[in-house]
Each structure stands twice: as C-alpha cells, then as structure tokens.
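Note on naming: letters A, B, ... go to the chains in the order of the sequence lines (proteins, then strands), and numbering restarts at 1 for each one.
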Number of protein chains: 2
Amino acid sequence: MQCKRNFSAKREAIYKILSSTDSHPTAEWIYENLKTQIPDLSLGTVYRNLSVFKETGLVKSVGVINGHERFDANTFQHSHFVCNCCFKIIDIPKSKTFVDQSTINNLENECDVHIQNHNITFYGLCGDCSKKISVESEDI
Amino acid sequence: MQCKRNFSAKREAIYKILSSTDSHPTAEWIYENLKTQIPDLSLGTVYRNLSVFKETGLVKSVGVINGHERFDANTFQHSHFVCNCCFKIIDIPKSKTFVDQSTINNLENECDVHIQNHNITFYGLCGDCSKKISVESEDI
DNA sequence: TCCAAAATGATAACTGTTCTTAATTATTAA
DNA sequence: TTAATAATTAAGAACAGTTATCATTTTGGA
C-alpha cells in the first residue's frame, strides 16, 4: 500500500464493506455489493485491493472454498465452520482455543519448522442445509 | 467409480504413486511422474481419477495451496504444516489430537451445525527455508 | 497550480480444472 | 466366440477465477 495517509475512496469502501459483514465474502460478492453505490468500480480493483490488504495484514484469507477465495476482515485468531452444501462460513466463538503456545513450541522442535500461524476449519452441514436435506429425504 | 472389481491400470497407477509419497502432490506432479512409465497418460485422466478417489473417500484433499490443489492418500485424521515459502506440506505426527469429540459435540449445539470433519493446518517456514532466509539476510 | 506517484477501468492474458467427444478397452450375456 | 453394453480414456476445447497490462485519472505534497 503506497498510499501514505488515507485510503482512496474505493479502497476504503472495499475495506468497509468487508469489515461490516461476517459472511466471509468473495471478491465477486464485494464487487456486486459495491457496484450499486460505486457504479464505475472495476472487479480488478477489488482483487488488487484485497491483495494489498492481505500483504499488510489488514485482511486474512479464509482459504479457497469451492473454487472461490473467501476473505475476512476479522484478523483475530479464530476458527471457522464451512457448510459442505451451501458453502456458508460461520465463525467459531473466539473463546475456543484449540492449540496453545506450548503445543506449538513442541511441534516446532519435533518437526523442525517455524510456525507463524495456524487455523482450524470444521466442515459439515449448517442448520439450514441439515433441515433441507431431511425434508428432501421425506419426499422420497 | 463404476468399475466393479478392479481398478483400471491407469487408475491403479495414479492411486499407487499417490499412496507411495508423503509429499501431498498436485495433479500435475502425479501426471509428470507417471508420464515416464505411462507415456500415453493424459492429465485429464489424473484429474478425473482424483475426483473419483475423493468421492469414494479413498483420497483426501489437503486444500488449495498457492493455487494448486494438494492430495493425500493418507485418510487418517491428521494435521499438516505448510511452508509459506516453498509450499512443502509436512504431516504432523498423528498422535496429536487437538479437538476431541466432546468439544465437537458442544460446538454443534452452540453453532447449530452438524460437523462431519475438521482439519488443522499450521503455516510457517520449514527448516530448509528458515536456513535459506537467514543466509540471505547475512549477505546484505 | 504543477508534478510525480499511486490508483484505477477496461480488458486481455493466464492458469488450474472441468467438460466434450470420439475412440478404446473391459465386462456381461447369450 | 461374439455381440451388446458399460466404463475408461486421450486430446484438446471450454471454463472460471484471478492476475497482468496499459492508458488514463486521481491523489497528495511542493
């Protein structure tokens, strides 16, 4: 990010919409949702700024889910649940810590690696999809 | 997999090379490494069979690392370390269990989800890359 | 106001993966 | 064995998400 003081208007809008949602959106979603307010926004700008945010640590990638990279402006260490059906991503309450520092230290020695961060992702069916699937199976 | 009895020769070769390495390779790597033995192998066949293996649970995806999906024939629940520099993937000794069943049950209730599986990935620098980077900084 | 650096829109290019199609191979049934 | 059927394949086109290019515009400081 070479912009020294402030974000450009578009950069700010991209960060703002990302940090105001907990849906862990894709670049495309951000683009579509800003397009109404900023008609001359380009998808390339969204991608470009997301890269900038990732580099500076302002935004984290949740990973590539079903072919789309998902982003999160909440950079606190926390875990995610991913629905295998609708690909919704839900935050796991941040109180949950699964791996403590001493475990990480042990792992570093044992595996000869330097660990910078880690993430835990749970996969399964969200409440909505569970219901839908049980209704479908009644229909048969 | 509609083939009822045995794997076809190529399908078998793909599974064999994947289960004989712990490098968590890409489809491309499998293709390149089989090409010498099976000159008429096609990359599409590798992708197709990896999909078949994933569907039947014979093979798991480690996820998309640096734009390439990585595969693992070791389907036991285990964790991975990913090097942020060379993208090597190392298995974490399987004795390590970070999330127990009662924790999962609690999470399911708390978040209204049905958890099917989970994975833990550590990111950082592998031993080799750590050394390389410290040598580079000496040079400056 | 002027200038250099940064950011942008439009779109082409790239890349990993999936799909299509015609051909080949394996399996089944008679 | 032979014919019918099903599964698998190679080759390459198609696809989709993302990145790169480049001319233009915007920005912030002198």
Within residues 65-74 of chain B, those residues having any heavy atom closer than 4.0 Å to DNA chain C are B:G67, B:H68, B:E69
Output all residues satisfying side-chain contact (heavy atoms from CB on, under 4.5 Å) with [X], sequence neighbours left out; order by chain, then residue number.
{"X": "A:K54", "value": "A:S61, A:E69, A:F71"}
{"X": "A:K10", "value": "A:S8, A:I38, A:D40, A:L41"}
{"X": "B:D22", "value": "B:D91"}
{"X": "B:D100", "value": "B:S102, B:T103"}

Quick one: closest heavy-atom pair of A:C111 and B:I92, and the distance?
SG-CD1, 4.3 Å
For residues 16-40 of chain B, the ring pair (Phe, Tyr, Trp, His ring centres under 6.0 Å) pairs (sequence neighbours left out) are B:H24-B:H80
What residues, two or more places apart in sequence or in another chain, satisfy side-chain hydrogen bond (donor to acceptor under 3.5 Å, both in side chains) together with A:S20?
none
Inter-axis angle, terminal five-pair segments of the helix from C:dT1-D:dA30 to C:dA30-D:dT1 [nearest 10°]
30°
Between [N] ([atom2]) and [X] ([atom1]): distance, integer Å:
{"X": "B:F53", "N": "C:dT17", "atom1": "CZ", "atom2": "P", "result": "16 Å"}
{"X": "A:E55", "N": "C:dA7", "atom1": "CD", "atom2": "P", "result": "11 Å"}
{"X": "B:E12", "N": "C:dA26", "atom1": "CD", "atom2": "C1'", "result": "15 Å"}
{"X": "A:I14", "N": "C:dG9", "atom1": "CD1", "atom2": "C1'", "result": "12 Å"}
{"X": "B:L50", "N": "D:dT9", "atom1": "CG", "atom2": "P", "result": "12 Å"}
{"X": "B:R48", "N": "C:dT21", "atom1": "CZ", "atom2": "P", "result": "15 Å"}

What residues from residues 18-36 of chain A pass a heavy-atom cutoff of under 4.0 Å to DNA chain D?
none
Do any of residues 38-47 of chain A sit with a heavy atom less than 4.0 Å from DNA chain D, and if so which?
A:Y47
Salt bridge (Lys or Arg N to Asp or Glu O under 4.0 Å): which pairs involve residues 113-127 of chain A, sequence neighbours left out?
none
Considering just the side-chain nitrogens and oxygens of [X], establish if one lies under 4.0 Å of OP1 or OP2 belonging to [N].
{"X": "B:K10", "N": "C:dT25", "answer": "no"}
{"X": "A:S8", "N": "D:dT26", "answer": "no"}
{"X": "B:R11", "N": "D:dT8", "answer": "yes"}

Do the side chains of A:T45 and A:I14 get nearer than 4.5 Å, heavy atoms only?
yes
So how far is it from A:R11 CZ to A:L58 CG, rounded to the nearest 0.5 Å?
10.0 Å
B:L18 vs B:L50, side-chain contact (heavy atoms from CB on, under 4.5 Å): CA-CA, chis, key distance, verdict:
CA-CA 10 Å; B:L18 181 57; B:L50 286 171; 4.0 Å; yes
Can A:H68 and A:E28 be said to form a side-chain contact (heavy atoms from CB on, under 4.5 Å), step by step?
CA-CA 9 Å; A:H68 303 66; A:E28 186 72 31; 5.8 Å; no
Could you tabulate the donor-acceptor pairs under 3.5 Å formed by side-chain atoms of residues 115-125 of chain A, not counting sequence neighbours?
{"unit_1": "A:Q116", "atom_1": "OE1", "unit_2": "B:N84", "atom_2": "ND2", "d": "2.7"}

Does B:K16 have more than 12 heavy atoms from other residues, nucleotides or ligands lying within 6.0 Å of its NZ?
no
